[in-house]
Amino acid sequence: MDIDYPVLLAMFQAEAGENLAAMEEALVGLEHSPDDAERLNTLFRAAHTLKGNADSLGLRPLAELAHALEDLLDLFRGRKLPVTRERIDVLLESVDALRALVAAAQGPSEAGAPPALLGRLHAATAAVERRAARRAAPAEADGGAAAAAPEPEAGVELRTQRVAVAKLDRLLDLATEIAIDRGRLRQGLGEKAPALLDDSEHLYSELHDLVMRSRLVPLRPVLAHFARVARDLARSTGKDAQLVIEERGVEVDIRMAEGLRDPLTHMLRNAFDHGIEDAALRRERGKGSRATLVLRARHDAGGVRIELQDDGGGLDRARILARAVDRGLVRDAQTLDDAAVLDLVFAPGLSTAEAVTELSGRGVGLDVVRRQVEALRGTAEIASEPGQGTTLTLRLPLTLAIVDALAVDVAGQTYLVPMEWVEECVELADASAAGVVERKGRTLPLLPLGRFFGLSNAATRPRVVVARHDGGELGIVVDALLGARQAVIKPLSSQARGLPVFSGATILGDGQVALMLDVAALVAQATAHPAGLAMDSSYQRKEK
């Protein structure tokens, strides 16, 4: 039988990535709990699986290094060698080397594993006479190897298959096209449509749900990586801190999982540099010398909520406000509440660091977090108690593919506004009103969307969609409200990517193309072109 080696190699690389992530998380946890038998078994199984799979594909350097790593883990598991920080360092370096070898693997190789790293692994086991131990208890050694491979439950057959993301994207496209065709068919059939189409509605709904669920992946492997990141940051900053990960079966769209790594990295780096105190200062403040950071994820209101909480010193509001005044972000006499002051840490170029370091001082960390999270159609918020710590909260949709949106009409064209941006919709009493209006005792800047796009607003009593943005609220003036839509959003074509106020497009049930508005970009564009919007820069949102 012919074997498709490239396909097998791709499957191996995907599975190896998961095993290495699990090993990394378990090693960091083992450093703090050296007697944790469950973590040791997890490590041993992952190393054993990686070795066997690499050997079957002829990847000799991988198999050799995994075998040496497995030998050291076996001594830990048999309580013949104590777990120390130095040995954990060697094992983590081995995981890094294995990851690099997995990424570079192209086919069978006769080369050996990195000799320097192999030497360090062998040196770590030199104090134990392993051969004598194996001769004394060969049956035990064989039993340990057999236990490394997880056994399936009796009577249960678990069959899985890896699918390329491009195929999942295509499945979603097809499901969307079916929905569009159904809408056209329903319109064409008129009154007969319900009788002919309703019977198949449950089949389409089930198909759609299956397609969406097939795109969901566990969030745990993404979060597990940050146990290693936190350990490395603790070593580089000299601060004693441990990251605790709390997550219970949260799944997100595969594109969402890919987009979360960078903002979470910036959040963790910021916590170590600005939040966590050194051990001496923590003891002076009556805290334990070891700081605790908690990274938790859970489902929340139809989406996902991710929090990074530390028990550090909290944010210095006076310093934040002073730096914001120096940067010209606020006026010296401007009065801001606590929430508005804390929100300033997301402003571009603002940093409270006294000096530029490898971690911070450039004023780009949390600014990047907010921009990247908003690109995922989420929000980023911060809360802090002086002396008690800081919590950064990300709220994200479950999927980037399906968007709950409000459809609006402007000069006969349909546009979509993401529901997460919408505060409320009101009628504009005076169609000639321009610039700003009063709302709940506050000044609300208006953006006539038709005029902004160079179109003519035809409505005599236009509607205003009150949308949130970083600086407050914006009233988007439209001709009519067309109601809520659940749309499958696709990226803009290369010809349309130069349009900064749109984040994507969809095809409606009647075949019409509708563009998704990017509210944050609208505000930025309108502010840069005052002719399109009379913006009151002192306006700040105070109410929810």
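The basis for the numbers below is simple: all heavy atoms, side chains too, and nothing from hydrogens, waters or symmetry mates.
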Looking at [atom1] of [X] and [atom2] of [Y], how far apart are the two atoms once the value is rounded to the nearest 0.5 Å?
{"X": "Glu70", "Y": "Leu75", "atom1": "CD", "atom2": "CG", "result": "11.0 Å"}
{"X": "Asn53", "Y": "Leu62", "atom1": "CG", "atom2": "CG", "result": "10.5 Å"}
{"X": "Leu168", "Y": "Ser214", "atom1": "CG", "atom2": "OG", "result": "4.5 Å"}
{"X": "His274", "Y": "Asp316", "atom1": "NE2", "atom2": "CG", "result": "12.0 Å"}
{"X": "Leu50", "Y": "Glu18", "atom1": "CG", "atom2": "CD", "result": "12.0 Å"}
{"X": "Asp55", "Y": "Arg60", "atom1": "CG", "atom2": "CZ", "result": "10.0 Å"}

Distance-only, no hydrogens or angles: does the [X] side chain make a donor-acceptor pair with backbone N or O of [Y] under 3.5 Å?
{"X": "Arg377", "Y": "Glu374", "value": "no"}
{"X": "Lys287", "Y": "Glu277", "value": "no"}
{"X": "Arg87", "Y": "Pro82", "value": "yes"}
{"X": "Gln242", "Y": "Thr292", "value": "no"}
{"X": "Arg370", "Y": "Ala380", "value": "yes"}

How close do [X] and [Y] get, heavy atom to heavy atom, and via which atoms?
{"X": "Phe12", "Y": "Ala54", "value": "CE1-N, 3.8 Å"}
{"X": "Arg282", "Y": "Gly288", "value": "NE-O, 2.8 Å"}
{"X": "His299", "Y": "Gly249", "value": "NE2-O, 4.1 Å"}
{"X": "Pro34", "Y": "Val83", "value": "CB-CB, 3.7 Å"}
{"X": "Gly314", "Y": "Ser384", "value": "CA-OG, 3.3 Å"}
{"X": "Thr265", "Y": "Arg261", "value": "OG1-O, 2.8 Å"}

With a 4.5 Å cut-off on side-chain heavy atoms, are [Y] and [X] touching?
{"X": "Val373", "Y": "Thr379", "result": "no"}
{"X": "His225", "Y": "Glu24", "result": "yes"}
{"X": "Leu121", "Y": "Asp71", "result": "no"}
{"X": "Thr49", "Y": "Glu15", "result": "yes"}
{"X": "Leu396", "Y": "Val252", "result": "no"}
{"X": "Asp311", "Y": "Ile276", "result": "yes"}
{"X": "Lys167", "Y": "Leu171", "result": "no"}
{"X": "Pro218", "Y": "Glu247", "result": "no"}

Please determine whether a side-chain nitrogen of the Lys or Arg among [X] and [Y] lies less than 4.0 Å from a carboxylate oxygen of the Asp or Glu.
{"X": "Asp89", "Y": "Arg231", "result": "yes"}
{"X": "Arg235", "Y": "Asp232", "result": "no"}
{"X": "Arg213", "Y": "Glu251", "result": "no"}

*Determine, step by step, whether Leu293 and Phe226 satisfy the side chain to side chain contact (heavy atoms under 4.5 Å, CB included) criterion, reporting the C-alpha distance in whole Å, the side-chain angles of both residues, the deciding distance to 0.1 Å, and the verdict.*
CA-CA 11 Å; Leu293 299 96; Phe226 292 98; over 6 Å; no

*Could you check Leu40 against Phe44 for side chain to side chain contact (heavy atoms under 4.5 Å, CB included), going step by step and ending with a plain yes or no?*
CA-CA 6 Å; Leu40 281 167; Phe44 194 88; over 6 Å; no

*Check step by step if side chain to side chain contact (heavy atoms under 4.5 Å, CB included) holds for Leu219 and Leu260.*
CA-CA 10 Å; Leu219 188 58; Leu260 276 173; 3.9 Å; yes

_side chain to side chain contact (heavy atoms under 4.5 Å, CB included), that's the test. Do Leu366 and Leu392 meet it? Break it down for me._
CA-CA 10 Å; Leu366 293 186; Leu392 266 165; 3.9 Å; yes

*Mind checking what makes side chain to side chain donor-acceptor pair (under 3.5 Å) contact with Asp169, not counting sequence neighbours?*
Arg215, Arg255

*Partner of Val345 by side-chain contact (heavy atoms from CB on, under 4.5 Å), out of Thr390, Leu315, Asp367, Val369*: Leu315

_Tell me which one of Glu64, Lys51, Met23, His48 satisfies side-chain contact (heavy atoms from CB on, under 4.5 Å) with Leu69._
Met23

